[in-house]
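Note on naming: letters A, B, ... go to the chains in the order of the sequence lines (proteins, then strands), and numbering restarts at 1 for each one.
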Amino acid sequence: MTEARIDYARLLNSAQYEAVTSIDGPLLVIAGAGSGKTRTLVYRVAYLVERGIPPESILLLTFTRKAAMEMLSRASELLDGRCQRVAGGTFHSTGNQILRQYGDCVGYGNGFTIMDRSDSEDALGLLIDRLGLKSSGRRFPKKSTVNSIFSKMVNCSLDLDGVLDENFPQFLEFGADLQGLYVAYEQYKLEQRLMDYDDLLRHWWRLLEEQPAVRKLLSQNYRYIMVDEYQDTNLLQAEIIRLLASEHPNVMVVGDDSQSIYSFRGARFRNIMDFPKLFPQARVLKLEQNYRSTQPILDFTNVLISQAREQYTKYLFSRRESEVLPVLASVGGERDQSLFVVRALREFQLVGIALEDMAVLFRASFHSYDLEVELARAGIPFAKYGGLRFAESAHLKDVIAHLRVLHNPLDAVSWHRLLLLVEGIGPRTAQRLINWLMTHAASATAVRDYISEQKKTAGMTRLEPLAALMEEITDPQRTLVERIQAVRSYYEPIAMRKYDDYPKRFRDLDFLEEWAEQYPSLQTLLTDLTLEPPDFFSHKADLRESGRLTLSTVHSAKGLEWRVVFIIAAAEGRFPSPYASYRTEDLEEELRLFYVASTRAKDHLLISYPMRFGGFQEQDYGGRPSPFLQSISRRVLQRVYGEDFHLKLQGDDAKQPERRKNPTGAKPEGSPLQAQRADYLPGQRLDHAEFGRGVVLKVESHHAVVVFEKHGKKILELHIPSPSTGAESATRRGADAERGRREDGESMGAGVGKPWDQ
DNA sequence: GTTTACGCATCCCCG
DNA sequence: ATGCGTAAAC
């Protein structure tokens, strides 16, 4: 057991080794993009298990369950199968498991059903109606808005007024109504044994906070806690961690403040900065060596993130040299962009890069519609991630509703949904039936009793098929798949009336039926469908083997990497999202999002923006590249026209003579802090006499900001040769030139001039 | 009194 | 393409 089989010191760099072997006490690891964060966690799991720590007492919290499973199976390969027994998953799924055991401690008796976002909104809609909040004349917030207000309250530990003041001042006048609605919603969920996503965290927290005995038990159980993607946790989650660690200090959190992209869900990257306050003895380690990307890609991403107002302290460097710069390609319209991507994909394929090693990323799911059409036409297989989820489409929710009332007959949200499917039943009749069910008999088969009781009323015969179905699927003899089949044969005629495109939807139901086979119980199936909904290519391994191109939102691409990454729709009005263009902190998050997208690339990064694009706000944007890119030097980001793009164009030495001929940059004479301004250009790497290797971030009139590998960010004073020369940095000239073009109204699409780069 | 049909605006990211 | 409010139909 004590015999070390893994040579950790040899397999890890010194910072990683420290992170892996410091197993006792609080530890914060700041891990830059591609710095081997996952590797570190995997080795740490193996190290802990190898040292004889029972795997069941290790808790690994990750952002998706997929990530957790992947890490555990890698750890198992490294060591042995014991690693699979480590407890792990998302905060929500872990909360779910714990609350299934201790639900009665927080007022939920035996069992509950988890609602997804649209279920919450349905419930809120019903309550808004019931409380008559809509008729009060003025415009009451939409139910989706109400949902996000309530969610912010929970995730940011604020009261209603706090959230309204901060984020929704336009709804301050509805304070009292919203407060009443909040209370009603709480009660509604409790009565019906429903929990929304936030409840899984909130009740988990309550359990730990209010039940010292349970807290002690759980904390003693999970002796070693690891949290991945800590920058995307919210206040409530940080509190949960603190409480889980009440009996020991063994908490390791890993994160990167530059990659915090979930503030809409309450994430606060400040949790990282505050970790040492929560755990005063915390050690802090930084992983700064990047093993993923080439140095030119990192030069670009370093400069990109330096535009953030919140200053970060990481400097990423790589040993992967390359001549190939990231490219910003301008294309005429969305169709031209798709053609550009397809053409470039083919070129990469020709030099031996497989489709599964490439990805196209975008800000919003609909940005890839045109490309999807073009890929289909070109016969290029792809898999898309992000956007609407499988279990959220109407037809699946319809089928699932029938299964949910089976599991939880109190679930009025699902009753409501499935009753409205019956012809002749509207909200009124549905409500009456639901009221009757709730007061008389809490069982799915009680529909029959209701019919008998109401026999006189016309229309009750319409409920006959439903009553028969409920009786059939309640039969304990039936397997899960048989029940789904029964629901389908009841539902499909309804769907045929409702949807013109029913064949496509029936194929989804086929998939559901197949998917359900692996589940031992209805409850676990229902939980997974809301917590970890399947996508059609559920394991990344499948995807890699399948020879498909990946299309993904940036959010869904978090933590992944590809040899070639395209970022499309990097245009003003697209990225940053126009919804996030008002508040500085929202814009900063968009910048971090762009940073996340860019740091996914290992070898090639190609960013494109259409000059014209469709959509309702078309007129407002003049076809400029994303503001995040506009002032970035051509030394780190090459500009081309999409139609001119060719692999050879990249890395053409003739285009970047000064960069290639003097790659180590300036070594100023005299004072180490002085240099001629012309020696310093943003993005330029240099080897400084005193501070060693670094990269120039910004050049101002009298100083330059340089980040050094060993010494971090330094401000170097610039010696200016002579004012009469009017020396201007390349950035300045570049920015002015670009602005000039725009103001002249010179259209790039007109084909005047060639790549701006020369 | 209830249900349904139709025209309307809206459309980001996610456990 | 789905979710809303309103008007016609049962």
Margin query: Going by salt bridge (charged side-chain N to carboxylate O under 4.0 Å, His left out), name the residues that satisfy it together with A/Arg377, two or more places apart in sequence or in a different chain.
Written below: A/Glu374
Margin query: Determine whether the aromatic ring of A/Phe264 stacks with the base of B/dC13, defined as ring centroids separated by less than 5.5 Å and ring planes inclined by less than 30°.
Written below: yes
Could you list the protein-to-nucleotides 2-4 of chain B atom pairs, N/O on both sides, closer than 3.5 Å?
{"residue": "B/dT2", "atom": "OP1", "partner": "A/Arg432", "partner atom": "NH1", "Å": "3.1"}
{"residue": "B/dT3", "atom": "OP1", "partner": "A/Gly426", "partner atom": "N", "Å": "2.6"}
{"residue": "B/dT3", "atom": "OP1", "partner": "A/Thr429", "partner atom": "N", "Å": "3.4"}
{"residue": "B/dT3", "atom": "OP1", "partner": "A/Thr429", "partner atom": "OG1", "Å": "2.3"}
{"residue": "B/dT3", "atom": "OP2", "partner": "A/Pro427", "partner atom": "N", "Å": "3.3"}
{"residue": "B/dT3", "atom": "OP2", "partner": "A/Arg428", "partner atom": "N", "Å": "2.9"}
{"residue": "B/dT3", "atom": "O5'", "partner": "A/Gly426", "partner atom": "N", "Å": "3.3"}
{"residue": "B/dT4", "atom": "OP1", "partner": "A/Gly424", "partner atom": "N", "Å": "2.5"}

Next item on the list: Name all residues meeting the side chain to side chain donor-acceptor pair (under 3.5 Å) criterion together with A/Arg363; count only those two or more places apart in sequence or in a different chain, and write none if there are none.
Entry: A/Glu590
Notebook entry, point to check: Cut-off 3.5 Å, side chains only: do A/Gln259 and A/Glu229 have a donor facing an acceptor?
Noted result: no
Item checked: Pi stacking test for A/Tyr262 and B/dC13: under 5.5 Å apart, planes under 30° -> no
Margin query: If you assign each of A/His92 and A/Glu590 to its closest nucleotide in DNA chain B, which residue comes earlier from the 5' end?
Written below: A/Glu590
Note to self: Going by the rule salt bridge (charged side-chain N to carboxylate O under 4.0 Å, His left out), which residues pair with A/Glu372 if we only count those two or more places apart in sequence or in a different chain?
What the structure shows: A/Lys384
Next item on the list: Would you please name every residue forming a salt bridge (charged side-chain N to carboxylate O under 4.0 Å, His left out) with A/Arg100, sequence neighbours left out?
Entry: none
Checklist line | A/Thr90: partners by side chain to side chain donor-acceptor pair (under 3.5 Å), with sequence neighbours left out | finding: A/Ser93
Notebook entry, point to check: Sequence neighbours excluded, which residues qualify as salt bridge (charged side-chain N to carboxylate O under 4.0 Å, His left out) partners of A/Glu186?
Noted result: A/Lys189, A/Arg202
Note to self: When you compare the side chains of A/Tyr491 and A/Asp398, does any donor N or O come within less than 3.5 Å of an acceptor on the partner?
What the structure shows: yes
Check: Starting at the 5' end of DNA chain C, what dot-bracket string do you get if Watson-Crick and G-U pairs under 3.5 Å are bracketed, crossing pairs use [ ], other-strand pairs use | and unpaired bases use dots?
Finding: .|||||||||
Check: What is the distance from OH of A/Tyr369 to P of B/dC11, rounded to the nearest Å?
Finding: 14 Å
Notebook entry, point to check: Taking the inter-plane angle between the rings of A/Phe112 and A/Tyr108 on a 0 to 90° scale, is it parallel (under 30°), tilted (30 to 60°) or perpendicular (over 60°)?
Noted result: perpendicular
Note to self: Going by the rule side chain to side chain donor-acceptor pair (under 3.5 Å), which residues pair with A/Tyr490 if we only count those two or more places apart in sequence or in a different chain?
What the structure shows: none
Note to self: Contact between A/Leu551 and A/Phe362 at the side-chain level, heavy atoms closer than 4.5 Å - yes or no?
What the structure shows: yes
Could you list all N or O pairs between the protein and nucleotides 2-4 of chain C that sit under 3.5 Å apart?
{"residue": "C/dT2", "atom": "OP1", "partner": "A/Arg505", "partner atom": "NH2", "Å": "3.1"}
{"residue": "C/dC4", "atom": "OP2", "partner": "A/Lys143", "partner atom": "NZ", "Å": "3.2"}

Notebook entry, point to check: What residues form a side chain to side chain donor-acceptor pair (under 3.5 Å) with A/Glu532, not counting sequence neighbours?
Noted result: none
What does the list of N/O pairs under 3.5 Å between the protein and nucleotides 8-10 of chain C look like, with a distance for each?
none

Next item on the list: Nearest-nucleotide wise, let me know which of A/Phe91 and A/Ser577 is further upstream toward the 5' end of DNA chain B.
Entry: A/Ser577
Note to self: In whole Å, I'd like the distance from the CZ atom of A/Arg574 to the P atom of B/dC11.
What the structure shows: 14 Å
Next item on the list: Take the angle between the ring planes of A/Phe63 and A/Tyr262 and call it parallel below 30°, perpendicular above 60°, tilted in between.
Entry: tilted
